[in-house]
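I have placed the structure first, in the form of structure tokens, so that the comments after it can refer back to it.
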Amino acid sequence: MPSKLKLYNTYNAELEEFEPLQAPFVGMYLCGPTVYGDPHLGHSRGPILMDILYRYLMHLGYKVRYVRNITDVGHLQNDSDDGDDKIAKKARLDQVEPMEIVQKYTIAYHKAIDKLNVLPPSIEPRATAHIQEQINMVKGIIENGYAYEVNGSVYFDVLKYAEDEDYGKLSGRKIEDLIAGAGEERRALEGQDEKRNPNDFALWKKASEEHIMKWESPWGIGFPGWHIECSAMSSKYLGEYFDIHAGGMDLLFPHHESEIAQSTACFKHTPCKYWLHNNMITINGQKMAKSLNNGILLEEMFSGDHHLLDKAYSPLTMKFFLLMAHYRSTVDFSNEALSAAEKGLKRLSNAIEKLDELKSSDQSEVAVEAWKENLYEAMNNDLNTPKAIAFLFEAVKWINEISSSKLKINEDDLKLLSETFKTFFFDILGLKLEDEGSDKERIEGLVNLLMELRQDAKTEKNWAMADKIRDDLKNLGVDLMDGKEGSSFKLN
RNA sequence: GGUCGGAUGGCCGAGUGGCUAGGCAGAGGUCUGCAAAACCUUCUACACCGGUUCGAAUCCGGUUCCGACCUCCA
């Protein structure tokens with residue numbers, strides 16, 4: 001292998017060579033979804049990024065433990081809310097148990113994510129199943145003097161922490177700016193009067209009477225602060241210092257910054273070595289927001305049932321589309337861009353299907369070895385999937401030319417080309433050939449029969465009949481193509 | 001307002017001091033009864049203004065525009 005994997009570490013704001021703490025083992029953590037609603041586009045990018053990383057690390061021979069949590073302790077509903085637990089609130093509206101909501105949307109999340117051919121994580125812990133771990137961590141932080149209790153709530157003492165540690169390093173913020181930015185409005189917000197400093201954040205919150213999801217703790221009945229769950233679960237399953245922690249850029253501050261502070265306050269060192277952050281998704285150039293009425297659920301994307309979508313886009317089209325952009329760039333969804341991805345993926349898929357039928361020659365006019373190195377080089381350069389895909393398209397051109405005998409390749413090169421192409425397509429990028437349905441064989445037989453009839457018509461120069469067969473089949477979603485060696489067909 | 005990131009051809013998107021990114025769309029051609037597919041060829045580019053340099057889309061400064069975060073919550 002010519003180069004080593006390099007990842008952009010947000011923590012140091014630079015590209016760094018990836019060195020596992022304890023090779024060949026790698027531990028990685030992704031902040032998972034809050035399961036109080038149907039999964040939308042924004043829920044897909046993190047898992048897809050991590051899926052690529054997970055697959056690639058395993059491909060490189062690492063033994064990876066991948067932890068992706070389910071946040072099932074919701075808190076506030078949204079910015080206009082009044083302090084109820086997010087999940088509990090919805091539960092009351094729907095007259096069901098909170099865990100029923102959690103169950104429903106966890107399943108919805110899995111269903112949608114599975115369609116993207118994303119591998120399941122090694123461990124998928126739930127926040128509600130780790131309350132004790134969270135309490136223990138809060139205790140540890142209090143013992144170390146970085147948190148204080150007020151009226152049954154526990155807050156992290158940011159100023160105290162900032163005296164000893166570099167608070168704000170991850171998100172590039174200075175504590176002075178944060179203090180200066182604390183305006184009047186903040187004081188009006190719930191719980192602010194209990195804090196010593198507006199920047200302090202809750203580790204444990206006292207639960208009100210109506211609050212449904214609550215637990216006993218040394219500080220009374222309450223529920224954990226948001227940030228602590230990831231710290232508690234990642235340290236439990238990956239250790240107090242692990243390799244990779246990832247999430248969306250929107251989580252950089254305050255969530256990840258707080259995780260670092262909590263872990264450092266509790267364990268005396270940062271939680272992990274590499275921080276990866278994927279950029280956000282926009283739709284027609286605008287961010288996805290309820291107020292803009294442009295939020296798209298994953299199921300809506302797959303069914304096409306949304307006012308901004310011209311048609312349905314398959315899960316793999318969507319995955320491929322996301323992979324055509326680098327994970328640290330924003331990616332803009334539009335019908336035009338999605339259909340471009342759809343056609344591009346088809347081009348790759350067609351090439352894969354041709355791969356096994358290629359004939360080798362004695363000589364080779366293709367630099368397969370260098371091409372393979374380019375592919376790895378692209379992946380090693382901070383998982384540059386768009387570049388890797390560009391190289392796959394280069395190979396598509398070769399495959400097509402070899403197929404039409406315009407280019408020669410010898411047996412060894414063909415084998416290498418085929419193996420490498422398939423490895424990247426299936427194993428590393430996690431793509432699949434789109435399912436053409438279970439009746440495939442029967443359809444093939446039927447279409448072959450019609451093609452024979454059409455061939456007879458053509459022999460008799462009965463063009464009207466030949467065209468009728470072709471056109472009617474096209475209306476049924478079967479495209480006929482006449483080639484030198486007879487006709488072939490493709491299902492749409 | 002603060003912090004950070006971005007602005008590439010009709011669309012999407014890599015790249016980076018001198019060498020074709022790639023996909024989609026467009027144009028011409030090969031093939032074909034016609035068409036499609038495939039292949040070949042090809043057009044459109046680096047927001048704006050200065051500067052550094054033999055040379056800048058790439059580095060530096062400024063301008064404009066866009067995005068994320070900057071509160072409780074997730």
Side-chain angles (χ1 to χ4, degrees), chain A residues 10 13 31 33-34 36-37 71 73-87 168 171-174 176-178 180-183 185-192 195 198-199 201-202 205 225-227 229 248-255 257 277 279-280 282 285-287 320-321 324-326 328-348 350-351 354 378 381 384-394 396-397 399-401 403-407 458 461-463 466-467 470-471 474 479-484 487-490:
Chain A
T10 322
C31 293
T34 303
Y36 71 96
T71 296
V73 194
H75 297 278
L76 286 173
Q77 181 106 359
N78 56 39
D79 38 11
S80 66
D81 216 308
D82 53 7
D84 286 333
D85 187 297
K86 208 176 221 172
I87 286 167
S171 55
R173 272 155 226 269
K174 294 193 178 75
E176 303 83 53
D177 294 339
L178 290 169
E185 311 142 39
R186 277 185 167 186
R187 303 223 159 68
L189 290 163
E190 187 261 337
Q192 288 298 311
K195 295 182 180 178
N199 296 307
F201 54 88
K205 291 275 274 188
W226 166 39
H227 315 302
E229 63 175 79
M249 267 181 190
D250 53 334
L251 297 180
L252 236 141
F253 189 91
H255 186 235
E257 197 69 64
H277 289 95
N279 215 319
M280 311 314 287
T282 57
Q286 287 185 301
K287 70 167 174 175
F320 183 66
F321 170 66
M324 291 218 304
H326 185 83
R328 284 195 290 122
S329 307
T330 52
V331 68
D332 189 52
F333 274 74
S334 62
N335 284 292
E336 222 175 343
L338 281 162
S339 3
E342 186 175 53
K343 286 177 187 162
L345 179 59
K346 211 162 203 178
R347 195 162 137 83
L348 287 182
N350 287 345
K354 274 187 198 170
N381 188 11
N384 196 332
T385 50
K387 204 167 183 179
I389 288 168
F391 285 119
L392 289 184
F393 276 115
E394 193 179 316
V396 168
K397 205 166 183 175
I399 292 167
N400 288 330
E401 289 182 22
S403 169
S404 56
S405 308
K406 282 179 184 163
L407 190 71
K458 282 171 73 176
K461 298 212 186 283
N462 185 351
W463 306 129
D467 288 352
R470 187 178 63 202
D471 295 344
K474 190 178 177 68
D479 289 351
L480 291 195
M481 290 155 297
D482 294 345
K484 252 180 184 164
S487 304
S488 59
F489 73 94
K490 210 170 55 174

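Everything numeric in this text was worked out from a predicted model, so none of it was measured. Every chain is numbered from 1, with letters handed out A, B, ... down the list of sequences.
Residue contacts for A/K461: at a heavy-atom cut-off of 4.0 Å it reaches no nucleic acid atom on any strand shown. Contacts of A/H326 with the nucleic acid, taken as non-hydrogen atoms under 4.0 Å apart, involve only primed sugar atoms and P, OP1 or OP2. In this structure, A/A390 reaches the bases: a heavy-atom distance under 4.0 Å links it to at least one base atom across the strands shown. Nucleic acid contact class of A/A202 (heavy atoms, under 4.0 Å, all strands): sugar-phosphate only. As judged by a 4.0 angstrom heavy-atom cut-off over every strand, A/S329 is placed among residues touching the sugar-phosphate backbone only. Counting any heavy atom pair closer than 4.0 Å across all strands shown, A/N279 reaches no nucleic acid atom. Within the 4.0 angstrom heavy-atom criterion, no nucleotide atom of any strand lies near A/P33. Within the nucleic acid shown, A/L480 comes within 4.0 Å of at least one base atom, counting heavy atoms only.
Here A/D471 does not pair with A/K474 in a salt bridge; the nearest charged N to carboxylate O distance is not below 4.0 Å.
Summarising the geometry, the separation between CG on A/D332 and P on B/C12 is reported as 7 Å, rounded to the nearest angstrom. Distance A/F393 CZ to B/A21 C1': 12 Å, rounded to the nearest Å. One interatomic measurement links the two molecules: CG of A/D467 to C1' of B/C34, which rounds to 6 Å at whole-angstrom precision. Atom CG of A/L251 is separated from atom P of B/C70 by 10 Å (rounded to the nearest Å). Between the CG atom of A/L338 and the C1' atom of B/C24 there is a distance of 12 Å, given to the nearest Å. The distance between atom CG of A/L345 and atom P of B/C12, rounded to the nearest whole Å, is 20 Å. To the nearest angstrom, C1' of B/U20 lies 12 Å from CZ of A/F391. Rounding to whole angstrom units, NE2 of residue A/H277 and C1' of B/C4 are separated by 13 Å.
Side-chain atoms of A/R347 and A/N400, non-hydrogen and from C-beta on, do get closer than 4.5 Å to each other. Side-chain atoms of A/H326 and A/N384, non-hydrogen and from C-beta on, do get closer than 4.5 Å to each other.
Note on A/K406: every side-chain N or O is 4.0 Å or more away from OP1 and OP2 of B/U30. For A/R347 and B/G23, the shortest distance from a side-chain N or O to OP1 or OP2 is below 4.0 Å. Side-chain nitrogen and oxygen atoms of A/N384 include at least one within less than 4.0 Å of the OP1 or OP2 phosphate oxygen of B/G15. Contact annotation: A/K343 side-chain N/O to B/A25 OP1/OP2 distance is under 4.0 Å. Residue A/S334 has no polar side-chain atom (N or O) positioned under 4.0 Å from OP1 or OP2 of B/C12.
Nearest nucleotide to the A/N350 side chain, out of B/A38, B/C39, B/A68: B/A38. Residue A/V331 places its side chain closer to B/G13 than to any other of B/C12, B/G13, B/G33. When each of B/A14, B/C70, B/C34 is scored by its nearest atom to the side-chain atoms of A/P386, the top-ranked nucleotide is B/A14. Nearest to the side-chain atoms of A/M280 among the listed nucleotides B/G22, B/A68, B/C39 stands B/A68. For A/K387, the side-chain atoms get nearest to B/G15 when compared with the rest of B/G15, B/C72, B/A36. Closest to the side chain of A/K354, from the set B/U41, B/A36, B/A38, is B/A38. You'll find that the side chain of A/R173 is closest to B/G2, out of B/G10, B/G33, B/G2. Among the nucleotides B/G33, B/C12, B/C34, the one closest to any side-chain atom of A/R470 is B/C34.
Across all strands shown, nothing is found opposite B/U53 as a Watson-Crick or G-U wobble partner with both distances under 3.5 Å. The partner of B/G17, taking Watson-Crick or G-U wobble pairs whose two distances both stay under 3.5 Å, does not exist in any strand shown. Here B/A38 sits opposite B/U30 as a Watson-Crick or G-U wobble pair (both hydrogen-bonding atom distances under 3.5 Å). Figure legend. B/G67 is base-paired to B/C4; pairs are counted as Watson-Crick or G-U wobble with both atom distances under 3.5 Å.
Across the interface with RNA chain B, nearest-nucleotide mapping of A/A325 and A/F253 shows A/A325 to be the residue nearer the 5′ end. Along RNA chain B, the nucleotide closest to A/S171 and the one closest to A/T330 are compared, and the more 5′ of them pairs with A/S171.
With P as the reference atom, B/C12 and B/G5 are 23 Å apart, rounded to whole Å. Spacing of P atoms, B/U63 relative to B/G1, comes out at 12 Å, to the nearest Å. Rounded to whole Å, the P atom of B/A35 lies 29 Å from the corresponding atom of B/U44. One P atom belongs to B/C60, the other to B/G17, and the distance between them is 11 Å to the nearest Å. Going from the C1' atom of B/A37 to that of B/G18 covers 40 Å, rounded to whole Å. For the P atom pair drawn from B/A14 and B/U41, the interatomic distance equals 26 Å after rounding to whole Å. For the C1' atom pair drawn from B/U8 and B/A45, the interatomic distance equals 6 Å after rounding to whole Å. Across the C1' atoms, B/C40 and B/C31 are found 11 Å apart, a figure rounded to whole Å.
For the residue pair A/V396 and A/A351, the shortest heavy atom distance occurs at CG2-CB, 3.8 Å. Closest non-hydrogen pair, A/F320 versus A/A341, comes out as CD2-O, 3.4 Å.
Stacking of the aromatic ring of A/W463 onto the base of B/G33 is found: the ring centres lie under 5.5 Å apart and the planes are inclined by under 30°.
Scanning atom types as modelled, no donor and acceptor separated by under 3.5 angstrom connect the side chain of A/N381 and the base of B/G15. A/D482 contributes a side-chain N or O that forms a donor-acceptor pair with the base of B/C34 under 3.5 Å.
In this structure, A/L345 CG and A/F321 CZ are separated by 13.0 Å, a value rounded to the nearest 0.5 Å.
Using bins of under 30°, 30° to 60° and over 60° for the plane-to-plane angle, the ring pair A/W226/A/H255 lands in the parallel bin.
Between the side chain of A/S403 and the backbone N or O of A/I399 there is no donor-acceptor pair closer than 3.5 Å. Judged purely by atom type and a 3.5 angstrom limit, A/E257 uses its side chain to pair as donor or acceptor with the backbone of A/S171.
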